[in-house]
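A quick write-up on the structure given underneath.
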Protein chains: 2
Amino acid sequence: MTYTLAEEDYLKAIYKIAERHGTPVSTSAIAELMQTRPASVTDMLKKLADKELIDYKRYHGVSLTRTGARQATLLIRKHRLWECFLVDKLGFSWDEVHEIAEQLEHIQSDTLIDRLDDYLENPKFDPHGDPIPDASGAYRMRYQILLSDLGLHQPAVLVGVREHASSFLQYLDQNRLALGATLEVIEVLPYDGSVRLRLGDGEPILISGQVARQLYVRQTTESA
Amino acid sequence: MTYTLAEEDYLKAIYKIAERHGTPVSTSAIAELMQTRPASVTDMLKKLADKELIDYKRYHGVSLTRTGARQATLLIRKHRLWECFLVDKLGFSWDEVHEIAEQLEHIQSDTLIDRLDDYLENPKFDPHGDPIPDASGAYRMRYQILLSDLGLHQPAVLVGVREHASSFLQYLDQNRLALGATLEVIEVLPYDGSVRLRLGDGEPILISGQVARQLYVRQTTESA
DNA sequence: TTTGTACTTTAGCCCCGTCTAAATTCTTCA
DNA sequence: TGAAGAATTTAGACGGGGCTAAAGTACAAA
């Protein structure tokens, strides 16, 4: 019932890759995400398979078992709740919390995490707009689309970020692109896909197509 | 500048033993406190000595160097601040927090601990009445004596506990012996050293000499 | 001064998680 | 169909941290 730090890290990595790119998850994808060597990954996969946390066929990648997915979801719950704590209570900014939450998520205590959840008033999303699973591992996906897929003049709210790199988040801060901001696409430049948008009721700003593809928005009216 | 989990645990153990029983600290004392084998302790002592965290002479015990003591104090600071957080913010009781704080104290982030300190409003004592070192490692000892050394009819306040075992703390709870309680010794039974005392303005209660030797009190007047 | 006993260290082994180098398997394309 | 090339796994090794068994050291008592 209790796993090592390394095992937990692998489970989370597999979960994340599966979420983005589907299953099965390749050895090299895990190695890349975890900054380690494929040979090391193979070793660990055997151990995880022995513990029935993953389904593993040599040369054909892995997927999480029910138990493995359960555990991964729990880790994500812990990670995101700690991020809320760091931002909401301790005053960290959203680009500073990842590293610390990576450590905190390994603290073993169900009571602790449940009480933390209550203390934070059961948040449903973390500071990056990612959903927080409940104690049973369930979470609801919010309706959201990429800003790059938002129609012209369609009012929307910024609800999440796909990219979590500090430099990206700092860039957003500098451009007043905070979660909850209302916005509307004014123009998409045909040459390179850059997007001009109105933020709240301020002056229009220009962001690259690259950035637009990293932002999740929710439309705020049902018009075309 | 950054140490492994095991190294940190050893430093803290050595610090604690030195605090209670003085220096040098024996291999077997460390082994007993850490629930490990003397042979394992010897192995680790060599490593800590190589890193100049302890002074170590074969067969003659160890003491912490300045650097080692600094690190141990920092760990204790972290441990005690986390205990405050768990009790004051998350509503844990004082007998539930030790295990969790043992894990939390290893989280590496100076910023985190400083912000936690501020968030808790820079407490000077943890839930067991133990002093919390400041960021520089300094802390002030409170004036305190053992309840077993308190004179008859001498008004005093319960300020700390020497024993941290859950069962002991729960026993105190059941007898309304909480930190901050005012008390006065009414009688010491000659037969076994049991102490009868008045707690606040309630009925007298009887505690064993054994228990009285685990409680720290501060006298509240200068009489006799 | 010697010796018995308790304490400590050494020697040698184990498991975890990682690595490099070499071998194997998969896949794709001519 | 049959390689070439990419991905993956195996083999063998290492450092961290722990254990047992055996050997060495200290110290108190005679």
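Numbered from 1 within each chain, the chains take letters A, B, ... in sequence-line order. Being a predicted model, the structure only gives us computed values, none of them experimental.
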Response to the item:
Students should find that the end-to-end axis angle of the helix from C/dT1-D/dA30 to C/dA30-D/dT1, with five pairs defining each axis and rounding to 10 degrees, is 20°
Worksheet item: Looking at B/Tyr119, does the NZ or CZ of B/Lys89 lie under 6.0 angstrom from its six-membered ring centre and within 45 degrees of the ring axis?
Response: yes
Distances under 3.5 Å only, N/O to N/O: pair up the protein atoms with those of nucleotides 15-18 of chain C.
from: C/dG17; atom 1: OP1; to: A/Thr4; atom 2: OG1; distance (Å): 2.6
from: C/dT18; atom 1: OP2; to: A/Tyr10; atom 2: OH; distance (Å): 3.3

Worksheet item: Taking the six-membered ring where the residue is Trp, are the ring centres of B/Phe125 and B/Tyr139 under 6.0 Å apart?
Response: no
Fill in: Qualifying residue, where the test is side chain to side chain contact (heavy atoms under 4.5 Å, CB included) with A/Leu90 and the options are B/Asp118, B/Asp114, B/Leu112
B/Leu112
Fill in: Nucleotide D/dG17, atom C1' - distance to NZ of B/Lys51 in whole Å
12 Å
Response to the item:
note: A/Leu48, atom CG; D/dT9, atom P; distance rounded to Å ~ 13 Å
Practice prompt. Quick one: label B/Thr42 by what it contacts on the DNA or RNA (base, sugar-phosphate, nothing), any heavy atom closer than 4.0 Å.
Written response: base
Discussion item. Whether A/Glu163 and A/Arg213 form a salt bridge (side-chain N of Lys/Arg under 4.0 Å from carboxylate O of Asp/Glu) is what I want to check.
Written reply: no
Item to complete: Would you please test B/Phe85 and B/Phe92 for ring pair (Phe, Tyr, Trp, His ring centres under 6.0 Å) and show each step?
Response: CA-CA 9 Å; B/Phe85 170 70; B/Phe92 280 90; 8.9 Å; no
Practice prompt. Would you indicate, yes or no, if C/dA6 has its OP1 or OP2 atom less than 4.0 angstrom from a side-chain nitrogen or oxygen of B/Ser28?
Written response: no
Practice prompt. Calculate the interatomic distance between B/His60 atom NE2 and D/dG24 atom P; express it in whole Å.
Written response: 17 Å
Worksheet item: Under 4.0 Å: is that the gap between some side-chain N or O of A/Lys46 and OP1 or OP2 of D/dT10?
Response: yes
Worksheet entry | Nearest-angstrom distance from the residue atom CZ of A/Arg58 to P of D/dT9 | 8 Å
Worksheet item: Using 30° and 60° as the class limits, which term best fits the ring planes of B/Tyr171 and B/Phe168: parallel, tilted or perpendicular?
Response: parallel
Discussion item. Could you tell me how far apart B/Ile30 (CD1) and C/dT9 (C1') are, to the nearest whole angstrom?
Written reply: 14 Å
Worksheet item: Hey, are B/Arg77 and B/Asp117 close enough for a salt bridge, meaning a charged N less than 4.0 Å from a carboxylate O?
Response: yes
Practice prompt. Could you tell me whether the phosphate oxygens of D/dT8, OP1 or OP2, come under 4.0 Å of any side-chain nitrogen or oxygen in A/Lys57?
Written response: no
Item to complete: Round to the nearest Å and state the distance from A/Tyr59 atom OH to C/dT28 atom P.
Response: 17 Å
Worksheet item: Mind checking whether A/His98 and A/His164 have ring centres under 6.0 Å apart?
Response: no
Item to complete: With DNA chain D as reference, determine whether B/Gln35 or A/Leu45 sits nearer its 5' end, using the nearest nucleotide of each.
Response: A/Leu45
Practice prompt. Any chance you could lay out the side-chain hydrogen bond (donor to acceptor under 3.5 Å, both in side chains) test for B/His79 and B/Asp126, step after step, and finish with the verdict?
Written response: CA-CA 9 Å; B/His79 183 98; B/Asp126 77 8; over 6 Å; no
